[in-house]
Structure formats: C-alpha cells, structure tokens
Amino acid sequence: MVSLHRNQLEELKELGLEAPSELKVISIVGMAGIGKTTLVQEFYHDPLAIEYFDHRLFLTIGPQYKLREILLSAFNQLGGHHSVGEKIHISQLADYIQKSLQDSTYLIVLDDVWNTQAWDMLKHCFPSRRRYSRIIVTTQILGLALYISGHINIEIPLLNDDESWNLLRRMVFDNQEECSRQLEKIGRKIAKNCEGLPFAITEVAKILRKIEKTVEEWEIQADKEDPLTITLNEDTPLSKAISLSYTRLPPHLKLCFLYMGVFPKGYAVPISQLIQLWVSEGLFEPRMSMSLEETMGEYLRKLIQRNVVLNNKVSSIDIETTKTCRLHFTFRSLCVNEAKNEKFFHVIKKITDVSEESINSQRRLCIHNNVVLAFEQVHKHMESVKDACSLLCFGPKQKYPIDLYLRFKLLKILDAVSIRFYDFPEEILELLQLSYLSITCDGDEIPPSISNLQNLEVLIVHRHHIVKSSPDSPVYLPEEIWKMHKIKHLECVGMDLPEPSSLDDSLTLEKLSTLSGVSARSCTVKILSRIPNLKKVGIQIESEQGSSFETFTFLDEDHFASLYEKFESFKCVVVNPRISPSHRFAPSIPNFPAKIRKITLSGCGFPWECMRAIASLPNLVSLKLRWHAFSGREWKTGDGEFPKLEYLLLEDLDLQKWEVKYNHFPQLLRLNVRHCYRLEKLPRGFESNAALVVEVDDCRRFATKQLEEDIFRFNKYHLQIAVNFSWDDKKKINHDL
C-alpha cells in the first residue's frame with residue numbers, strides 16, 4: 001500500500017485518535033479514484049488504531065448495496081460464524097452487532113456510500129453513546145457527507161506534479177532500478193498528464209511496466225492527448241469507477257455533464273459562460289420559482305458536489321460558489337466518447353476529424369483548433385451540415401482573419417470570439433434564431449440591422465485592435481440596440497451605448513442585467529433609467545495625457561443608488577493611467593449603492609484616505625484593488641469598517657505600511673497580497689480570525705527575517721498562510737531561513 005496523502009492521513013489520525021471523547025462520525029470526500037479507500041485502509045491497519053479500538057469493522061457499501069450482506073459481513077468480522085449468520089433474520093444480525101459493540105470502543109468504516117438510505121438504516125446498528133468510538137464514511141458526494149456528519153472532515157485533493165511523479169516512479173521502477181534523467185523528464189510529463197489522480201497513475205504505470213524503458217517508447221505514451229481512454233463499456237477498474245459516477249447521475253445532470261465536453265482539454269470554463277450557453281441551448285426548463293439561470297446554476301452545483309465536475313476557482317463574492325470549473329481528463333474522455341455515440345456534439349481538432357460520415361448529422365460543431373478552418377475541405381463538409389444549432393470555436397486565437405462558414409439557418413449559438421474578422425460578418429444578420437453571439441472583429445461599427453436578431457440574449461463583441469478613444473471620437477453601438485428586448489448580457493469592449501430617444505418609451509432593455517466593456521459614457525441618467533434590472537457594470541476607461549478624463553460622476557448622483565436596489569457588482573479599469581502623486585483619475589470615491597456586494601478597481605489612483613467611503617458599505621463582500629487602484633505609502637483601517645468583507649485582493653500597489661487592528665475585517669475569510677513589492681510586512685490584527693486564509697505572492701520585502709516572523713505569527717494563531725515567490729526569491733529565502 002503506497003502512502004499518497006500524508007497530510008490527510010495525519011489529519012485522520014488526529015480526528016480518529018485524539019479528538020473529543022464522544023462518538024464522532026468522520027466523512028472523507030473525493031472524486032472517483034482519488035484514494036479515499038486507500039487513505040482509510042492506512043488508518044484502519046495502523047498499529048495505533050489496532051491497539052486503540054476493541055473492535056474494527058470495514059464495510060464496503062457501494063451504490064447497489066444489500067443490507068443483509070453488509071450486516072452479515074459485520075457479523076463475521078465480529079466473530080460470528082458465517083453459516084449461522086446466513087440462517088438468522090436481518091433484525092437478529094443487527095441486534096447481535098449492537099450488543100457486541102455496546103461495551104467496547106469501536107472503529108467502523110463505511111466505504112463508498114452513495115445515498116442517505118444506506119446510512120439511515122445502518123446507523124441504528126451502532127451504539128450512539130459509545131465514548132471514544134469512531135465511524136468513518138467515504139463518499140464522492142459532498143451533500144451526503146454534510147448529511148451524515150454535519151460537515152466535511154477531510155476532502156482529498158489531487159496530487160501535485162512532484163507527488164504524481166514520485167508515485168509513478170515507485171510503481172514502474174524496482175527498488176534497485178535507476179531512472180535516467182531523460183526518462184525522468186518524459187516520465188514527469190506522463191505523470192502530469194494524469195492530472196493528479198492516483199488511480200489513473202497506477203493504470204498508466206501498468207502500461208509502462210509492460211513496455212521497454214526507452215525514450216522512444218515513453219515519448220509515444222507522453223504524446224497521447226489522454227494517457228488513458230475511458231468509455232462506458234471498457235472493462236477496466238478505472239473505467240468502471242468513472243462510468244459509475246456518470247451512470248448514477250439523473251437524466252438532466254447527464255445532459256449538463258455531456259455538454260461540458262464541448263470545451264477543450266484543460267479549459268478553465270467560466271461559470272457565467274457555461275450557464276449562458278446552457279440557457280441559450282434551450283435544453284432545459286426552469287424549476288418551480290427559480291429562473292432558468294438559477295436552475296442551471298443549481299445543476300452545476302450538484303455536478304460539483306458529486307465530484308464529476310471540478311471546482312477550478314471559487315468566486316470572490318461567494319466563496320461557496322464556483323467561478324471557473326473543468327473536467328478531469330478521465331471524465332472528459334468518457335464525456336467525449338459518450339457524446340460521440342449519442343451524436344450530441346462533434347469535435348474538430350484536425351483535418352481527419354472532418355468527413356461526410358462524421359459531420360453530416362451533427363447538431364453541434366466544436367472547433368478546438370481554428371487553423372483547420374483554413375482548409376477548403378473543412379469548409380466543404382461544414383456546408384453539408386444542414387441542422388447545426390451550435391458552432392463553438394475555442395481557439396487558439398488567431399492573429400489573422402480566417403473564413404468561417406456561417407450559413408446555418410438554425411444556428412442558435414455562435415461562439416467565435418477566438419476568430420478574427422475584419423468587419424462584422426453580414427451572414428450573421430441572417431441567423432434569426434441566434435440567442436448567443438460572441439465574436440471578435442476589427443471594425444468600429446455594428447450594423448443597425450443587428451436588431452433583426454430579436455432572439456439574441458447574449459451579445460459579446462471584442463475588437464482585435466482598439467484605437468484609443470477620446471471624448472471627441474467615441475464609438476457607439478447602433479441606436480437599434482435598444483429594440484433588442486431579450487438582451488440579458490451585453491459585453492462590447494471599446495464601444496458604448498447611445499442614448500435612447502426620449503420620445504420613445506419602448507426603447508428599454510428591461511432584461512439586461514450585465515453591462516461590461518463600455519466606458520462611463522454608457523452610464524448617463526438617460527441610459528441607466530432605461531435599464532431597470534442592471535446588476536453588474538464593468539467599465540473600461542482610456543487615459544491619455546492632454547485629454548480630459550472621464551469620471552465617476554454617474555455614480556455620484558443619487559439616481560444610480562436609487563435605481564438599482566439589487567445592484568451587485570462594479571468594476572472599473574483605467575487603461576494606461578498617468579501615475580504621479582499630483583495626478584489622480586477622480587477626485588474622490590463615488591457614491592456606491594449601499595447594497596453593492598463586489599467592487600473591483602484598477603488604475604484609479606485614489607488616496608487611501610478615500611477608502612472610508614468603500615469601507616463603510618454595509619453589504620460589501622469582495623474588494624479587489626489592482627494596479628494603482630489606490631496610491632500612497634500608508635493605509636490605516638478604522639473601527640467598524642468592512643463589516644461583511646470576506647475577500648480582499650491587493651495587487652501591484654505601492655503600499656508600504658498597512659495598519660489593521662484586531663476588530664477590523666471581522667468576516668474576512670481570504671486575503672490575497674500579490675506583487676506588492678514595497679509592502680514591508682503583513683499587519684497585525686488578523687490573529688483573532690482563525691478562519692482566515694492568507695496568500696502572499698511575490699512580495700520581495702517579505703523575504704528573509706520578516707517572512708519567518710510573519711509565518712510564525714500566523715501559524716501560532718492557527719491561521720493558514722501560503723507564500724509564493726519567484727525562483728530567485730525562493731533561493732534567497734531558503735538560504736536565509
């Protein structure tokens with residue numbers, strides 16, 4: 001048995017042997033093949049556990065469990081004779097187990113639990129008041145762990161690159177066998193391709209043990225897109241484990257899962273984009289009182305809770321939710337193969353992926369290599385697809401324009417932001433079914449006939465080259481944009497909304513909730529009053545020497561705060577700001593709505609004294625301050641400030657001294673300090689918050705003695721701190737410490 005998760009094993013020993021004396025239920029959660037059973041077995045067979053507990057039972061449950069068989073296994077492990085156990089009633093088996101454990105300390109492992117019913121039936125067999133006893137439950141389902149133990153005690157992570165290679169090396173090479181540097185380099189790539197899943201690494205190790213240990217043979221394995229192929233019908237332990245996670249999904253979650261395969265391998269999928277695509281596809285109906293977007297968000301949370309989809313990055317506004325997600329290669333392999341069998345979508349990555357047989361009846365085409373669009377053969381076959389409803393192009397982004405066949409009359413989704421167009425393609429204006437449009441073009445104008453696309457809900461237009469605008473030469477969307485009443489998300493980088501005619505009250509974007517990429521010109525009273533349900537605004541402002549600056553005056557007026565009671569997020573990026581002590585982008589902090597939850601600023605150059613206006617916001621949960629958002633050597637927080645702030649990011653600021661008292665930031669859970677090269681040390685005052693996680697990234701003043709003091713101080717108060725540095729800084733720190 002190979003030890004994989006040493007930190008989690010130590011944590012399990014502490015919970016199992018040193019925790020409070022009352023009976024404790026410990027839940028261990030992780031995706032299929034991550035090593036939950038291995039971890040529990042290491043503890044179960046540990047000499048300390050053998051000595052500590054009078055009785056130990058290891059019971060494998062599984063999704064198709066039979067209660068009698070589980071109780072009979074417990075009966076046998078407690079010393080009962082199998083032939084006797086087979087003859088007695090199930091209630092007698094349960095009674096025997098209860099009495100056998102009544103006057104002893106016990107350790108019971110319930111391995112691979114899939115539903116609450118199994119736990120509800122089995123828990124009555126174990127004495128509930130038996131002191132110093134432990135029940136350990138392993139499961140893939142987060143919600144099930146919460147139901148059983150009230151919280152997740154141990155969540156097993158994927159292995160890092162070094163751990164993956166060490167496991168692969170131990171399993172491929174004998175104790176006396178050496179690994180050359182060349183093979184190690186290739187082997188590390190093979191191990192990394194397994195994406196940290198121990199079960200996958202062990203399966204790949206079996207393959208490597210069967211082939212010659214030569215550079216040529218190993219390079220063949222390293223060059224495979226996936227180190228293993230996972231299908232529903234493959235009779236291998238890993239395929240069975242992964243397939244089981246999929247087949248146990250209800251039909252609507254299977255559909256959501258299959259759609260995840262449209263993205264390339266390793267793609268960090270923005271949750272907002274994924275939900276927009278799901279909604280635009282029209283595959284689902286809203287649940288009860290929830291909106292369709294809320295329903296899709298709930299479905300995604302269930303996939304993540306089941307460890308079928310991986311949580312890649314959490315949201316700063318709500319640390320319980322996901323900002324980006326991804327598929328592990330094992331699940332993606334299953335997903336792509338199953339989608340191919342179901343003709344759910346077709347991936348085009350190389351020219352051989354395009355043939356009349358493979359593409360003719362497809363409904364969704366996914367381009368994972370835009371270069372193939374340069375081949376005439378690909379265009380010819382795409383023209384034969386009559387019923388395509390989605391065309392998704394994921395890159396890589398192209399510097400030069402590429403022709404894209406767009407004459408799909410039934411097309412509902414066109415995601416082509418990675419493809420460059422010289423001008424807005426006229427063919428798009430004929431796609432009357434479009435509900436989702438995302439493109440990149442060089443032209444400054446979107447034709448007025450864009451309003452013909454009355455089903456459009458998402459419009460994203462990026463510009464390959466953006467000529468810096470000035471107040472005298474702004475670029476506007478056509479006035480007809482105000483006639484597109486279904487628009488929910490509008491992102492037009494470098495373009496602005498024109499003011500609607502005051503004579504026509506019907507010019508209202510009543511469903512628009514997200515507006516981004518625009519400048520402050522899109523935030524006048526006349527414009528905002530016609531967007532009644534706006535929740536998120538992201539503005540981008542060009543700052544040039546010799547020109548007058550756009551300001552936050554639209555926020556200073558009372559109408560903004562009064563218009564949007566549910567306003568959630570504001571982001572402002574000043575591009576190329578003039579950085580000097582005598583110059584600031586705006587004289588003061590604007591009047592943010594009291595219910596705003598998230599603020600992101602970059603390049604504004606506010607003095608730290610102005611922070612009080614933000615610090616006093618009663619509902620602010622997330623604050624991100626990037627390059628030159630605030631300027632000055634010293635920041636002192638005050639009493640009662642940031643009452644609900646949970647996430648704070650300080651990045652590329654010139655801050656040197658930061659003073660925080662013990663009662664400040666009472667709800668802060670995550671603090672990220674990145675590239676603040678002048679900051680001398682982390683402030684005192686956070687020690688009373690044991691839930692705080694601190695990450696320091698490449699802050700050179702922290703090197704040597706001060707770093708050691710800060711780490712010691714935070715660890716002393718049980719705060720989590722992670723410090724990352726550039727390679728040169730790491731060498732210096734290791735030498736000094």
Do any N or O atoms from the side chain of E14 and from the backbone of E11 form a donor-acceptor pair under 3.5 angstrom? no
Interatomic distance, CG@D226 vs NZ@K265, rounded to 0.5 Å, equals 4.5 Å
Taking only residues two or more places apart in sequence, or in another chain, which ones meet Q77 in a side chain to side chain contact (heavy atoms under 4.5 Å, CB included)? Y44, L57, F58, L59, S73
Please tabulate, one pair per line, all N/O donor-acceptor pairs under 3.5 Å involving side-chain atoms of residues 195-206, not counting sequence neighbours.
| from | atom 1 | to | atom 2 | distance (Å) |
| --- | --- | --- | --- | --- |
| E195 | OE1 | R326 | NH1 | 3.3 |
| E195 | OE1 | F329 | N | 2.9 |
| T202 | OG1 | P198 | O | 3.4 |
| T202 | OG1 | F199 | O | 2.6 |
| E203 | OE2 | K206 | NZ | 3.1 |

If you look at every heavy atom in N115 and P63, which pair is closest and at what distance? ND2-O, 4.4 Å
Please confirm whether the backbone N or O of E163 pairs with a side-chain atom of N160, one donor and one acceptor, at under 3.5 Å? yes
Would you check, one step at a time, whether the test side chain to side chain contact (heavy atoms under 4.5 Å, CB included) holds for L39 with L12? CA-CA 9 Å; L39 175 67; L12 180 54; 4.3 Å; yes
Among all residues two or more places apart in sequence or in another chain, which pass the side chain to side chain contact (heavy atoms under 4.5 Å, CB included) test with I50? R56
Derivation and outcome, salt bridge (Lys or Arg N to Asp or Glu O under 4.0 Å), residues D652 and R626: CA-CA 6 Å; D652 283 317; R626 291 196 166 95; over 6 Å; no
Under 3.5 Å donor-acceptor, T139 side chain and V29 backbone: no
Residue pair L650 / C676: nearest heavy atoms and the distance that separates them: O-SG, 3.6 Å
Between D111 and T37, is any side-chain donor less than 3.5 angstrom from a side-chain acceptor? yes
Heavy atoms of F263 and R332 approach each other most closely as O-NE, 3.2 Å
Is V694 close to R670 at the side-chain level, that is, under 4.5 Å between some pair of heavy atoms? no
If we only count heavy atoms from C-beta on, is the H5 to L159 side-chain gap below 4.5 Å? yes
Between S133 and Y106, is there a donor-acceptor pair closer than 3.5 Å when you use the side chain of the first and the backbone of the second? yes
For the residue pair L327 and L310, establish whether any side-chain heavy-atom pair is separated by less than 4.5 Å. no
With sequence neighbours excluded, what pairs up with A32 under the side chain to side chain contact (heavy atoms under 4.5 Å, CB included) test? Q140, A241, I242, S245
Beyond-backbone contact of V372 with V354, side-chain heavy atoms, under 4.5 angstrom: no
Give me the atom names and distance for the closest heavy-atom approach of I230 to E234. CA-OE1, 4.0 Å
Given the ring of Y259, does K254 sit roughly above its face, with NZ or CZ under 6.0 Å from the centre of the six-membered ring and within 45° of the axis? no
Could you walk me through whether T324 and Q273 pass the side chain to side chain contact (heavy atoms under 4.5 Å, CB included) test, one step at a time? CA-CA 9 Å; T324 62; Q273 180 187 18; over 6 Å; no
Within the side chain of R134, is there an N or O that forms a donor-acceptor pair under 3.5 Å with the backbone of L15? yes
Please evaluate residues K36 and V40 with respect to the criterion side chain to side chain contact (heavy atoms under 4.5 Å, CB included), reporting the C-alpha separation (whole Å), side-chain torsions for both, the decisive distance (0.1 Å), and the verdict. CA-CA 6 Å; K36 301 183 294 295; V40 176; 5.7 Å; no
Shortest non-hydrogen pair, V262 vs H368, comes out as O-NE2, 2.7 Å
Could you walk me through whether I135 and I26 satisfy the side chain to side chain contact (heavy atoms under 4.5 Å, CB included) test, starting with their C-alpha distance in whole Å, then the side-chain angles of each, then the deciding distance to 0.1 Å, before giving a yes or no? CA-CA 6 Å; I135 300 174; I26 303 168; over 6 Å; no
E177, CD atom: more than 12 neighbouring heavy atoms under 6.0 Å: yes
Any chance you could lay out the side-chain hydrogen bond (donor to acceptor under 3.5 Å, both in side chains) test for T138 and D112, step after step, and finish with the verdict? CA-CA 5 Å; T138 72; D112 197 26; 5.7 Å; no
Donor-acceptor contact present, side-chain N337 to main-chain K340, <3.5 Å: no
Counting neighbours of NZ on K397 that are heavy atoms of other residues, nucleotides or ligands and sit closer than 6.0 Å, is the number greater than 12? no
Donor-acceptor contact present, side-chain K213 to main-chain L183, <3.5 Å: no
Has the side chain of T247 got a donor or acceptor atom that lies under 3.5 Å from a matching backbone atom of L244? yes
4.5 Å side-chain heavy-atom contact, L649 and R674: yes
Report the C-alpha distance between R188 and E184 in whole Å, list the side-chain angles of each, state the deciding distance to 0.1 Å, and finish with yes or no for salt bridge (Lys or Arg N to Asp or Glu O under 4.0 Å). CA-CA 6 Å; R188 283 184 174 274; E184 179 176 344; 3.2 Å; yes
In Å, rounded to the nearest 0.5 Å, how long is the span from CE of M260 to CG of L277? 11.0 Å
To the nearest 0.5 Å, atom CD1 of I211 lies from atom CD of E217 at 5.0 Å
Any side-chain heavy atom of V693 within less than 4.5 Å of one from L671? no
Under 30°, 30 to 60°, or over 60°: which ring-plane class applies to Y246 and F257, parallel, tilted or perpendicular? tilted
Checking S239 against T236 for the side-chain hydrogen bond (donor to acceptor under 3.5 Å, both in side chains) test, could you report, in this order, the C-alpha distance in whole Å, the side-chain angles of both residues, the deciding distance, and whether it holds? CA-CA 5 Å; S239 282; T236 64; 3.2 Å; yes
Euclidean distance, S622 OG relative to L669 CG, rounded to 0.5 Å: 11.5 Å
According to the interplanar angle, ranging from 0 to 90°, do the rings of Y677 and H675 count as parallel (below 30°), tilted (30 to 60°) or perpendicular (above 60°)? tilted
From Q377 atom CD to H381 atom NE2, the distance as rounded to the nearest 0.5 Å: 4.5 Å
Looking at CD1 of I154 and CZ of F43, how far apart are the two atoms once the value is rounded to the nearest 0.5 Å? 9.5 Å
Between the main-chain N or O of T229 and the side-chain N or O of S333, is there a donor-acceptor pair closer than 3.5 Å? no
Only pairs at least two apart or in different chains count here, so list each side chain to side chain donor-acceptor pair (under 3.5 Å) that has a residue in residues 343-354. E225-K349
Could I get the full list of side chain to side chain contact (heavy atoms under 4.5 Å, CB included) partners for E178, not counting sequence neighbours? none
Side-chain touch Y65/W114, heavy atoms, less than 4.5 angstrom: no
According to the interplanar angle, ranging from 0 to 90°, do the rings of W165 and W218 count as parallel (below 30°), tilted (30 to 60°) or perpendicular (above 60°)? perpendicular
With a 3.5 Å cut-off and no angle check, do the side chains of Q221 and N193 form a donor-acceptor pair? no
Do D235 and K240 pass the salt bridge (Lys or Arg N to Asp or Glu O under 4.0 Å) test, and can you show the C-alpha distance, the side-chain angles, and the key distance before you say yes or no? CA-CA 7 Å; D235 191 27; K240 288 181 178 179; 2.8 Å; yes
Student check: side-chain heavy atoms of L255 and F344 closer than 4.5 Å: yes
